[in-house]
Amino acid sequence: MTEVYLRRLSRWQAEQQRAGVADVHVTAYRGAAGAEYRDRQGFLDRFEQHVQRLGFDMMVADSGGLVGCAYGFRVERTGEWWSDFRGELPTDIEELTASGRTFLLAELMVLPAHRRHGVATLLGERLLARLEADLVVAAVDVERPDSGGGGDGGGRPANAAQETVRAWGWSKLGVLAPHSPSAVREVWIRRPLR
């Protein structure tokens with residue numbers, strides 16, 4: 001594999017790179033055949049909103065072109081992000097959110113050809129290394145066992161995302177209301193090492 005370089009992007013640089021980031025998204029999450037335009041446009045719409053969020057931060061991996069990225073932002077103090085959480089949210093999580101000390105890892109994606117080479121791990125570590133947050137959260141889409149899909153369409157088992165965040169030392173907190181009939185959104189948390 002060719003050498004991969006990591007670099008942090010400012011908000012302005014992220015906006016300038018949005019087409020390349022959308023290309024990575026479409027390739028990394030190959031959806032249903034013929035849905036590329038919809039998937040790409042949906043991502044671009046979300047990305048445009050995310051870049052404007054308080055505390056937006058982004059790392060990209062480059063190897064003669066973008067091969068991966070990780071980005072996130074501060075969870076709003078109002079706690080709106082937790083509105084779909086099923087069950088009772090622990091008091092300390094509510095307090096960290098209200099104090100502005102919670103960061104959402106909104107996206108972490110790597111092109112298939114660069115997976116299993118530590119690129120995602122490096123992107124995540126570098127993004128989170130300089131955070132001034134006491135809690136990092138991520139929502140991981142997990143295919144429901146009864147959906148009959150058996151995986152993500154890309155040759156990976158349905159629980160690959162779970163295995164990855166667990167290997168990185170994250171803990172499962174609970175589940176968000178599903179946004180798809182075939183997937184569950186699990187909430188995983190990590191408290192940064194100081």
Side-chain angles (χ1 to χ4, degrees), residues 1-31 35-76 81 100-133 135-141 152-156 160-170 185-193:
M1 185 175 95
T2 60
E3 197 162 357
V4 174
Y5 300 94
L6 300 183
R7 59 191 166 99
R8 189 171 301 278
L9 298 185
S10 68
R11 188 182 309 262
W12 181 83
Q13 290 169 319
E15 289 174 338
Q16 299 305 308
Q17 294 287 323
R18 67 181 174 269
V21 173
D23 290 343
V24 171
H25 175 80
V26 168
T27 304
Y29 296 114
R30 285 195 187 113
E36 289 88 1
Y37 176 78
R38 185 192 72 239
D39 293 346
R40 180 184 175 86
Q41 192 56 52
F43 171 77
L44 284 168
D45 292 345
R46 285 190 311 277
F47 186 68
E48 182 179 342
Q49 293 173 1
H50 292 169
V51 169
Q52 301 306 316
R53 300 290 296 269
L54 179 64
F56 176 85
D57 204 356
M58 182 174 191
M59 291 291 300
V60 294
D62 195 303
S63 181
L66 290 182
V67 299
C69 82
Y71 75 81
F73 46 84
R74 296 239 179 238
V75 174
E76 291 185 19
W81 190 83
R101 306 290 296 171
T102 302
F103 185 84
L104 171 65
L105 176 61
E107 197 65 65
L108 190 140
M109 54 193 161
V110 176
L111 294 180
H114 292 271
R115 291 181 183 152
R116 305 220 180 271
H117 297 284
V119 175
T121 301
L122 287 171
L123 281 168
E125 287 174 355
R126 295 271 175 88
L127 178 69
L128 303 179
R130 70 175 197 179
L131 283 183
E132 293 180 12
L135 180 71
V136 181
V137 299
V140 175
D141 288 341
D152 66 0
R156 296 183 307 171
Q162 293 167 302
E163 291 171 8
T164 300
V165 293
R166 186 176 290 117
W168 290 344
W170 292 57
R185 296 173 67 207
E186 294 181 345
V187 176
W188 288 75
I189 62 171
R190 178 178 156 206
R191 296 176 193 273
L193 301 174

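Source: prediction; values computed, not measured.
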If we only count heavy atoms from C-beta on, is the [X] to [Y] side-chain gap below 4.5 Å?
X	Y	result
Leu135	Ile189	yes
Leu105	Trp188	no
Trp81	Val137	yes
Phe73	Gln52	no

Is a side-chain N or O of [X] found less than 3.5 angstrom from the main chain of [Y], in a donor-acceptor match?
X	Y	answer
Arg101	Glu132	yes
Arg53	Gln49	no
Arg115	Ala28	yes
Arg8	Asp57	no
Arg18	Leu44	no

Taking side chain to side chain contact (heavy atoms under 4.5 Å, CB included) as the criterion, tell me which of Leu9, Leu127, Leu6 meets it with Val60.
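Only one option passes, and that is Leu9.
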Name of the residue among Met58, Glu15, His25 meeting side chain to side chain contact (heavy atoms under 4.5 Å, CB included) with Phe47
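Looking at Met58, Glu15, His25, the match for Phe47 under the side chain to side chain contact (heavy atoms under 4.5 Å, CB included) is Met58.
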Please report the shortest heavy-atom distance between [X] and [Y], naming the atom on each side.
X	Y	value
Trp168	Thr121	NE1-OG1, 3.0 Å
Ala70	Leu123	CB-CB, 4.0 Å
Val4	His114	CG2-ND1, 4.1 Å
Arg74	Gly100	NH1-O, 3.1 Å
Ala139	Arg185	CB-NH2, 3.9 Å
Tyr29	Leu108	OH-O, 3.3 Å

Walk me through whether Tyr5 and Glu3 qualify under side-chain contact (heavy atoms from CB on, under 4.5 Å).
CA-CA 7 Å; Tyr5 300 94; Glu3 197 162 357; 3.6 Å; yes
Just jot down the side-chain hydrogen bond (donor to acceptor under 3.5 Å, both in side chains) partners of Glu48, sequence neighbours excluded, or say none.
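With neighbours one apart ignored, the set is empty.
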CH2 on Trp170 to CD on Glu186, rounded to 0.5 Å
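These two atoms lie 13.0 Å from each other.
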Using the side-chain contact (heavy atoms from CB on, under 4.5 Å) rule, take Val24 and Leu111 through it: C-alpha gap first, then chi angles, then the decisive distance, then the call.
CA-CA 6 Å; Val24 171; Leu111 294 180; 4.1 Å; yes
Criterion side-chain contact (heavy atoms from CB on, under 4.5 Å) on Leu54 and Glu76, from CA distance to verdict
CA-CA 8 Å; Leu54 179 64; Glu76 291 185 19; over 6 Å; no
In terms of the angle between their ring planes, are His50 and Tyr71 parallel, tilted or perpendicular, with boundaries placed at 30° and 60°?
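Tilted.
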